[in-house]
Each structure stands twice: as structure tokens, then as C-alpha cells.
Amino acid sequence: MPIRPTIMKFGGTSVADAAALANVAAIVRVAEKMQPVVVVSALAGFTNALLDSVEKARAGELRHATRSLEEYFERHTKIAGELLGPEARTSFESPLAEARRQIRQLLKIIAAYPVTSPPLQDEIVAYGELLSSQLLAAILRERGLQAKFVDARECVKTDESFGAATPLPETMTRSREHLSPLIESGEIPVLGGFIGSTEKGVTTTLGRGGSDYSAAIVGAALNAREIQIWTDVSGVLTADPRVVPAAQTIPVLSYQEAAELAYFGAKVLHPKTIQPAIEQNIPVRVCNSHAPEDPGTMIVGESQAAPQTIKAIAHKSGITTVQITSARMLGAYGFLRALFAVFEQHQTAVDVVTTSEVSVSLSIDDVAELPRIISDLEKLGTVEIEKERTIVSVVGDGLRNTPGIAGRVFSAISDFNVSMISVGASSVNLTFMVDDEDAHEVITRLHRVCFEDQECVQNSSKNLSAEVLV
Ligand code: ADP
Ligand code: ASP
Ligand code: MG
């Protein structure tokens with residue numbers, strides 16, 4: 001029987017400084033007997049800083065660009081100084097110096113030829129995860145664990161969509177080839193999340209927040225017993241804690257519920273994380289690296305998650321809605337196909353869609369192609385654009401059969417302008433749009449109605465504990 005490892009992914013905030021990394025080492029040590037495979041993000045803030053440096057270089061501010069990264073290189077040096085012995089510290093110095101030299105060189109090229117170059121950008125940004133994984137492997141070894149750095153680009157093979165690459169099927173075999181022998185010999189592989197490479201070996205990245213996705217892909221490849229996402233909050237909460245400080249941990253979620261929450265803005269999970277786990281039926285656990293004893297959230301198959309409860313409210317701000325109105329829609333066929341073809345042609349993903357007799361409203365997140373989309377859509381009808389909108393999504397299996405839930409939700413926010421209401425497409429979410437400026441109040445009130453007020457709670461989260469804990 002092949003060993004089923006445990007994937008342990010640590011996000012940026014779990015590896016912000018020496019104290020956080022020492023904490024991570026302690027968490028991995030406790031899990032030593034569970035055959036851990038560690039996936040780690042770049043140190044907190046480093047990915048943003050690397051992306052900013054690319055922007056600066058492109059704007060001709062080369063010196064500024066390289067200088068802005070110094071504090072991050074120093075942070076790596078400081079952590080190595082605090083947590084590594086002299087020998088390990090010296091060995092970490094060489095990849096660090098090499099990364100610094102390469103990044104400088106690449107920024108120079110960008111400054112000399114200031115065009116947008118997604119491959120160069122990925123090459124630079126990947127150093128965040130390459131360094132954190134080498135540093136963490138060294139720290140784990142320093143603490144007596146048999147950890148081994150593995151270059152994730154050897155395992156995760158992707159297409160050439162730089163900045164948002166899609167893993168290719170050979171990632172499964174590659175990951176097994178590189179990782180299984182280590183696991184079988186009792187070693188702990190440590191890989192950077194977020195990064196991969198094309199068949200030709202060119203570095204790619206999987207999109208912002210993509211380390212969760214890396215953990216899930218590697219977990220699926222190795223048929224892991226569990227994929228653990230270690231972050232800075234105690235699991236998936238009933239709302240974004242930055243908006244609702246009273247948000248509570250959801251003990252158990254179904255894959256479908258978690259996927260909807262992630263898709264509609266719960267940043268704690270990258271939206272693509274759940275799919276590989278579903279395919280192999282691997283449980284995903286979200287836990288807090290700053291409070292490892294907290295139970296966190298388990299994400300499992302439908303049958304084990306609490307049915308008939310409302311689990312959480314997700315939201316995504318800065319959304320643009322596009323409304324196309326045309327009498328030609330009436331009774332016509334082929335109209336919707338023509339309309340969606342415009343978005344396909346401009347490679348822009350649509351999140352929410354609602355239709356009436358003569359109009360269609362859609363929401364998009366990425367507005368890079370908006371001017372060209374509008375001009376193509378104007379051939380089909382009148383186009384109206386609204387910016388600064390927020391998608392709010394109430395998620396939970398309980399929406400299927402909690403009578404009157406929509407009434408309760410909308411009466412709580414009846415004084416706000418709500419549009420594009422969509423319910424039932426997945427049967428576990430109720431989605432609508434409000435203005436960005438109203439989002440905070442809308443979410444706060446909904447949270448109160450769904451999770452804090454007694455009457456509604458009886459139909460939502462209170463059921464949870466009763467049903468889940470059996
Ligand atoms: P990491 O660096 O560990 O990947 P992220 O910043 O990507 O961490 O995700 C964790 C953050 O997600 C939390 O600190 C929290 O602010 C935010 N968040 C948004 N919605 C939710 C939610 N429903 N539950 C938990 N966290 C959420
Ligand atoms: N470091 C990458 C980011 O900040 C990937 C991740 O943290 O998941 O987007
Ligand atoms: Mg994240």
C-alpha cells in the first residue's frame with residue numbers, strides 16, 4: 001500500500017518572520033508521523049513587493065525597483081541568522097545572493113525594454129516561493145527533521161498562460177516521481193507553492209493566492225490523506241473577519257459550499273483549491289498557524305457536511321456589471337451565444353449572469369478588455385456599465401430547503417439598492433449585487449440576521465453544531 005501523506009500548506013502570514021517560522025517548524029514536528037509534504041508561500045508581503053518592483057522597472061525607475069526589495073532580502077537573512085546554525089546559514093546565503101543577482105538582472109532587462117513581459121515577471125515573482133521553501137527546509141533540518149527542498153517547478157508542469165497558468169496532467173506523474181521516493185524514505189519534501197514551469201522549463205505562476213492550489217494538486221497527485229491549509233485565521237469563517245469581526249469558525253463545509261465561498265471572494269481559499277480534492281475525495285482542513293489547537297474547518301464530501309444550514313456570507317468588491325438591452329433578444333435564438341462569444345474572444349471571465357426578456361446583465365472582475373468588449377457588444381444592443389459593485393453571496397446547503405430565507409435576507413437590507421439576484425444555479429448559494437459603498441453595512445446586517453439573531457440562527461448555524469458533531 002503506498003503511503004498517504006499529509007499536505008501541509010503554510011501561507012505568507014504563517015511565514016512572516018522568525019517567530020512565525022519557528023512556529024511552523026513546531027507544527028510540522030507534531031505532524032512528523034503523518035508523512036508531511038510541506039508547501040509554502042513567499043514571506044508575507046514579498047510577492048507584492050516583487051510585483052511592484054517589476055512595475056517600477058517598467059516605469060524606468062530601476063534603482064528604486066531594486067532598492068525596494070532590499071528589506072525583504074534582509075528579512076530572509078535575519079530569519080536565517082536567528083533560526084539557523086552557522087553552517088546552514090552559510091549554505092542559505094548562496095541561493096539568496098543568487099536570487100538577488102538574478103532579480104537585479106531581470107529588472108534591468110525590463111527597464112531596458114519596458115514592455116509587459118509575463119514570462120519575465122513570473123521568473124522574478126517565483127523567487128519569493130523559491131527562497132521561502134529553501135529557508136523553511138533548512139529551518140526544519142536545523143530542528144532535527146529530515147526535510148528536503150524540492151523545486152516545485154519540477155513537479156508542477158503547466159501551460160504557457162504566464163501569471164495564471166493551468167497545470168497539465170503530467171503534473172500528477174511528475175509529482176509522484178519526485179516526491180514519493182522521498183516520502184517512502186521518511187523525508188519531508190518542502191516545496192514552494194504558486195510556481196510551476198512549462199514543458200520547455202520556463203517558470204510560470206498559478207495566479208495570486210495560488211499556493212493553496214499547488215497544495216491541492218500535489219495532494220491529489222499523492223492521494224494524500226488530508227490537505228491542510230494553515231493560515232492566519234481559525235478556519236473558514238461565517239464572513240470575512242475584516243468586515244465582520246464577530247465572524248465565527250464554520251466547523252464543517254461540503255466541497256460544493258467551500259468552492260462557492262472561494263469563488264465568490266472568501267480569500268482564505270484559492271477558488272481552484274477544491275476541485276483536485278473532490279476528484280480524489282481528500283478532506284481539506286483549514287487551520288490557524290497562530291493557534292494550532294483551534295479545531296478550524298473541515299471540508300468534506302456532501303454526505304458528511306451539515307445539510308440544511310446556512311454556512312457563510314462571501315463577497316467580492318470592485319466588480320463591474322455590464323447590461324446589454326436589445327429587442328432582438330425577444331424570442332430569438334443565437335443571441336446569447338453571440339453575446340458570450342464577445343467575452344470569450346476577449347478572454348474575460350463572467351461571474352454572475354441574470355436575464356430578463358430584453359436584457360442580460362453580467363458581472364466581470366477583470367476590466368482590462370472592457371473598452372473592446374463594449375464596442376463589440378454595442379453591435380448587439382445598448383450597453384450600460386456600472387462600476388464599483390460588490391457581489392454578495394449567501395452560501396449553504398440550507399438554502400435548498402429553508403423556507404422564507406430569501407425574504408429574511410432581503411427584508412434585512414430593504415433600504416439598499418440590490419440587483420442581479422440569482423438563486424438556485426448551484427442550489428447552495430443566493431447571490432446579488434450592491435454598491436461597493438454599501439457592502440460593509442449589507443454584510444454586517446446579513447451576518448446578524450443569519451448568524452447572530454436567535455430566530456434565524458435556529459435555522460442556520462445553530463443547526464450546524466447539532467448536526468455536525470454527531
Ligand atoms: P494566506 O497567506 O495564509 O494564504 P490569505 O490572506 O490568502 O492567507 O487568506 C486568509 C485571509 O482571508 C484571512 O486573514 C481573512 O482576512 C480572509 N478571509 C476572507 N474571507 C474569509 C472567510 N470567510 N473566512 C476566513 N478568512 C477569510
Ligand atoms: N505568494 C503568492 C501570492 O501572494 C501565492 C500565495 O501566497 O498563495 O499570491
Ligand atoms: Mg492565500
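We count ligands from 1, going down the list as the structure has it; atoms in each ligand are counted the same way. All figures in this text were calculated on a predicted structure; none of them were measured in a lab.
Shown in contact with Ala266 at under 4.0 Å from a heavy atom are these atoms of ligand 1, numbered in order with element: 20 (N), 23 (N). Residue-ligand proximity, Val236 to ligand 1, at heavy-atom distances under 4.0 Å covers atoms 24 (N). Proximity to Lys9 (heavy-atom distance under 4.0 Å) selects the following atoms of ligand 1: 4 (O). Taking every non-hydrogen atom of Thr13 and a distance limit under 4.0 Å, the qualifying atoms of ligand 1 come out as 2 (O), 3 (O). Annotation for ligand 1: atoms under 4.0 Å from non-hydrogen atoms of Ala239 are 22 (C), 23 (N). Of all the atoms in ligand 1, the ones that sit under 4.0 Å from a non-hydrogen atom of Val233 are 13 (C), 14 (O), 25 (C), 26 (N).
In the displayed structure, Glu55 atom CD is contacted under 6.0 Å by more than 12 heavy atoms of other residues, nucleotides or ligands. Atom CD of Glu199 is surrounded by 12 or fewer heavy atoms from other residues, nucleotides or ligands within 6.0 Å.
Heavy-atom separations between Gly209 and ligand 2 include at least one value shorter than 4.0 Å. Contact between Gly128 and ligand 2 is absent, with no heavy atom of the residue lying under 4.0 Å from the ligand.
One side chain, Thr238 or His447, offers a donor N or O that lies under 3.5 Å from an acceptor on the other. Side chains of Thr249 and Ser234: a donor-acceptor N/O pair is absent below 3.5 angstrom, by distance only. Inspection of the Thr320 and Arg389 side chains reveals no N or O donor paired with an N or O acceptor under 3.5 Å. Remark: the Asn48 side chain and the Arg208 side chain contain an N/O donor-acceptor pair separated by less than 3.5 Å.
Classification of the Tyr213-His270 ring pair by plane angle, with boundaries at 30° and 60°, yields parallel.
Remark: Lys316 qualifies as a cation-pi partner of Tyr263 under the 6.0 Å distance and 45° angle criteria applied to the six-membered ring.
Protein heavy atom at the shortest distance from atom 6 (C) of ligand 2 is Ser211 OG, 3.3 Å. If you check which protein heavy atom lies closest to atom 8 (O) of ligand 1, you get Thr231 OG1, 3.3 Å. The nearest heavy-atom contact from the protein to atom 5 (P) of ligand 1 is Lys267 NZ, 3.9 Å. Among protein heavy atoms, atom 4 (O) of ligand 2 sits closest to Arg208 NH2, 3.0 Å.
In summary, Lys78 and Glu82 engage in a salt bridge, as defined by a charged side-chain N under 4.0 Å from a carboxylate O. Glu441 and Arg445 are joined by a salt bridge, as a carboxylate oxygen and a charged side-chain nitrogen come within less than 4.0 angstrom of each other.
Residue Gly207 has no N or O atom closer than 3.5 Å to an N or O atom of ligand 2.
Within the 4.0 Å heavy-atom criterion, the part of Glu129 lying near ligand 2 is the side chain and not the backbone. Of all the heavy atoms of Ser41, the ones lying under 4.0 Å from any atom of ligand 2 belong exclusively to the side chain.
Distances from atom 16 (O) of ligand 1 to the heavy atoms of His270, Arg242, Gln248 put Arg242 nearest. With Asp240, Val244, Thr297 as candidates, the residue nearest to atom 19 (C) of ligand 1 on a non-hydrogen basis is Asp240. The option with the heavy atom closest to atom 27 (C) of ligand 1, from among Gly235, Pro241, Gly12, Ser14, is Pro241. The heavy atom nearest to atom 13 (C) of ligand 1, considering only Leu237, Asp232, Asn288, Val268, is found in Asp232.
Taking the six-membered ring for Trp and the full ring otherwise, Phe46 and Tyr127 have centroids separated by 6.0 Å or more.
Using a 4.5 Å heavy-atom threshold, the side chains of Val428 and Leu399 count as separate.
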